[in-house]
Structures are given as structure tokens and as C-alpha cells.
Number of protein chains: 2
Amino acid sequence: MADRPRSRQIVDAARELLETEGADALTMRRIADRLGIRAPSLYKHFPDKQAVEAELIAQGLAEMADAQEAAVAAEPGQPLVALGAAYREYALAHPHLYRLMTAGPLPRHLLPDGLEARAALPLVKAVPDEHRARAVWAFAHGMVILELDGRFPPDADLDPAWRVGMATFST
Amino acid sequence: MADRPRSRQIVDAARELLETEGADALTMRRIADRLGIRAPSLYKHFPDKQAVEAELIAQGLAEMADAQEAAVAAEPGQPLVALGAAYREYALAHPHLYRLMTAGPLPRHLLPDGLEARAALPLVKAVPDEHRARAVWAFAHGMVILELDGRFPPDADLDPAWRVGMATFST
DNA sequence: GTCTATAGTGGGATAGAC
DNA sequence: GTCTATCCCACTATAGAC
């Protein structure tokens, strides 16, 4: 806590705001409030708001990659089922961050080299055919985002939908 | 053009703004500009902005339902393939409207009764198992939204991904 | 049904002093 | 690296006159 660099403190504050209150709360003013400073001071550490958001996206992608890698390591027999479960779990545990990561184009020029590829790698290894891999990703993302957006019936049990989807793609 | 009711003109102007410039351009001021009036005048015809958006969402859902119904009628042998193609085609033809229709919770209390169910019906008939139907919808929505958001590699040919997904769910 | 005027809120970002 | 002061922007929405 003590002397983490300011830039790190800023990203941490931004993340807590995002995760607890959502994207609307993620403003330069609110970030500064959390640190007990004024908003203009943030611009000594980051050129603009997008740069702060890019850090959060990078964190999310790295954590998602970790989760995916751990999932296949733990359940090598059914990689696709393990990947799907880990994907869903991470997204539902960090809904606002997941949205930030996936809504709109990635600011690729602001992300570490290779990060996007690393996040995709476990799926690519489990599903070598690229077209099939894209289809699986679309299924998983669609399930997550429709759930987060409250688009399924409120009482719908989604476990069977995940199961049938993952089973279908596993064959 | 002449004497369509003002409320209708407002919705038409809103739709043209949304479709041509995206959600950020859909403001009460811009709508009023298009009609040559001032923004406050709009509030004599609609209680608030959400009511205007709900009209657009209702239009989109109805048009999507039309497209789905026409698709199964034209290709009764492979309903799922026809539905997927029609879904994708409508979404890509109206990307901003599609986003408005699918991002966030539906304002169900502002939509005509039964409209949401009508839009879902062709898929429900083609895929009687509700879990499987949800999985198919998630796949289709995921494919569309990832494409609209530029998340697939820029040079990716998505036709094979759609084919493999639809074929997989058809068996 | 339109207008003017305005309230109220919020945002990102910069200049320049210290 | 922080501050104050400020700019400029934009939005939804209401009140009240005509």
C-alpha cells in the first residue's frame, strides 16, 4: 500500500471503481477522488483516459489467460468443457471488467505485444481448426453477454445450455 | 412525407440518425435538428428519450421477426441454416440498430405485448429443446457482435465459422 | 405544438503557478 | 507531482409564454 508507484495506484483505483460501480463510474474525477487528489493531476501519469482503460483491459486479458491455462492444466481430458467453465466463471466474477474487455474494438496499440494471442491460445490449442475455434468463442461470449444483459428469461437455468453447447462442439 | 404524425416523424428521424451515425448521435437535440424544431418540443410527443429508443427497438424486433419468418418459409429443409443466415444478414445490414436491440436489458414494459416472443418463435420452432435453442442464439449473437466489434482478425473469413457452428447445432 | 430560457449534471482535458 | 482555475463540451429535462 505504502509506496506503490502513483501510476499503479491510479490503475488500482480505476479497477475498483469499475468493478464495484460499473463503467459509468469510471471517470477521471472519480479516480482522483479515490486517491485524494484532483483530476488534472492524473494527466501527469497517463496521457488520457483511454490509456487508463487500456491498462484495465490488459489486466483482464492476462487474468483470463491465467484462468484458461489453469483450467486445461486441471482437466486435460475435456479441455473444451474446462475452458468454457473457466471462461464463464471469470466473466461472471468480473462483469464490468469483462464488458470493458469485450465491448468495441480492442485498443491493440496500447496493449502489450502478444497478450491478445496469449489469451486466445488455450482455445486454439484445444480446437485446432480456426473456424471451429471462432465458433466456440462466439458461443461462449454470446452466452456470457446475454446472461449479463439479462436477455434470457429470468428463471432460465443456463447450465444445460452451456452443457449442450460445449458437448456439441466437443464432438 | 407530408403530414405523417409528428410522433412518427420523430421516430423516423431517430432511426436515420442511429443507423447512419450510431448511438452517440442519437440525442434529443440531433433528432429535433433533423425536424427543424427545438429539442424541448419533442417532449410534447414522447415522455423521455427511452420511449423513443423503445420504438426503435420495437421496429428492429419486428423486422428481425419478419426476416426469420421469411427465411424458414423460403428454405424449410434446413431451417437452422436459413435462420442463421437471415439473422446475420439483418444484423450486419443494421449494425447500430442491432446493438441498440441487444445491448443491455430490454425495456420490456415499453414494448408491444408478445413482440419478444414473436421474434424468438422461429428459432423455438426449429429447435424445440429450449436449452439447445438458447445455445444456438448465443452462438449467433456472439458471432454477430464479435464481428461488429472487430474482434476477429481483420482478414478472417467468417463464413466457415458460421457454417461449422450451424452444422454442429443441426445434428 | 412550438418557442425561449434555463436548470442541473456531468464529462475530458489544458494552462500555468507552486 | 500537485494544485487552482478554467475551457469547452454535451446531455436530459422542465417551466412558462405564445
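Proteins come first, then strands; the chains are lettered A, B, ... in the order of their sequence lines, and each starts at number 1.
Taking atom CG on A:Asp33 and atom C1' on D:dT2, their separation rounds to 15 Å, with Å as the unit. Residue B:Leu42 contributes atom CG, which lies 11 Å from atom C1' of D:dA13 at whole-angstrom precision. Taking atom OH of A:Tyr43 as the reference point, atom P of C:dG12 lies 6 Å away to the nearest angstrom. Atom NZ of B:Lys49 and atom P of D:dT14 are 15 Å apart (whole Å). Atom pair B:Leu26:CG and D:dT12:P shows a separation of 8 Å (rounding to whole Å applied). In this structure, A:Asp3 atom CG and D:dG1 atom P are separated by 13 Å, rounded to whole Å.
For residues 67-92 of chain A, the side-chain hydrogen bond (donor to acceptor under 3.5 Å, both in side chains) pairs, not counting sequence neighbours, are A:Glu63-A:Tyr90, A:Glu69-A:Arg118, A:Tyr87-A:Tyr98, A:Tyr87-A:Trp137, A:Arg88-A:Asp159. A salt bridge (Lys or Arg N to Asp or Glu O under 4.0 Å) check over residues 160-171 of chain A, counting only residues at least two apart or in different chains, returns nothing. Here side-chain hydrogen bond (donor to acceptor under 3.5 Å, both in side chains) pairs that include residues 19-43 of chain A, with residues two or more places apart or in two chains, are A:Arg15-A:Glu19, A:Glu16-A:Arg34, A:Glu19-A:His94, A:Glu21-A:Arg30. The stretch residues 102-114 of chain A participates, sequence neighbours left out, in these side-chain hydrogen bond (donor to acceptor under 3.5 Å, both in side chains) pairs: A:Arg108-A:Glu116.
Closest to the side chain of A:Arg6, from the set C:dA13, C:dG1, D:dT2, is D:dT2.
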Using nucleotides 3-6 of chain C, report all nitrogen or oxygen pairs with the protein that are shorter than 3.5 Å.
from: C:dC3; atom 1: OP2; to: B:Arg38; atom 2: N; distance (Å): 2.7
from: C:dC3; atom 1: OP2; to: B:Ser41; atom 2: OG; distance (Å): 2.9
from: C:dT4; atom 1: OP2; to: B:Arg38; atom 2: NE; distance (Å): 3.3

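Of the residues in residues 10-24 of chain B, not one places a heavy atom less than 4.0 Å from an atom of DNA chain C.
Residues that satisfy the side-chain contact (heavy atoms from CB on, under 4.5 Å) test with A:Arg132, not counting sequence neighbours, are A:Val127, A:Asp129, B:Val164, B:Thr168. Listed by chain and residue number, B:Asp12 satisfy the salt bridge (charged side-chain N to carboxylate O under 4.0 Å, His left out) test with B:Arg8 (two or more places apart in sequence, or in another chain). Residues satisfying the side-chain contact (heavy atoms from CB on, under 4.5 Å) criterion with A:Ala119, sequence neighbours excluded, are A:Leu61, A:Ala65. B:Ala32 meets the side-chain contact (heavy atoms from CB on, under 4.5 Å) test with B:Ile37, B:Ala39, B:Leu42; sequence neighbours excluded.
Annotation: the terminal axes of the helix from C:dG1-D:dC18 to C:dC18-D:dG1 meet at 10°, where each axis is the rotation carrying the C1' atoms of four end pairs onto the next four (5 pairs per end, rounded to 10°).
Taking for each of B:Asp48 and A:His45 the nucleotide of DNA chain D with the nearest heavy atom, the 5'-most of the two is the partner of A:His45.
Between A:Phe139 and B:Phe169, the ring planes are tilted. Angles from 30° to 60° get that label.
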Under 3.5 Å, side-chain donor or acceptor atoms of residues 45-52 of chain B against the rest of the protein: list the pairs with distances, not counting sequence neighbours.
from: B:Asp48; atom 1: OD1; to: B:Gln50; atom 2: N; distance (Å): 3.4
from: B:Asp48; atom 1: OD1; to: B:Ala51; atom 2: N; distance (Å): 3.1
from: B:Lys49; atom 1: NZ; to: B:Leu26; atom 2: O; distance (Å): 2.9

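In summary, of the residues considered (A:Leu115, A:Leu110, A:Leu100), a side-chain contact (heavy atoms from CB on, under 4.5 Å) with A:Ile57 occurs for A:Leu100 alone.
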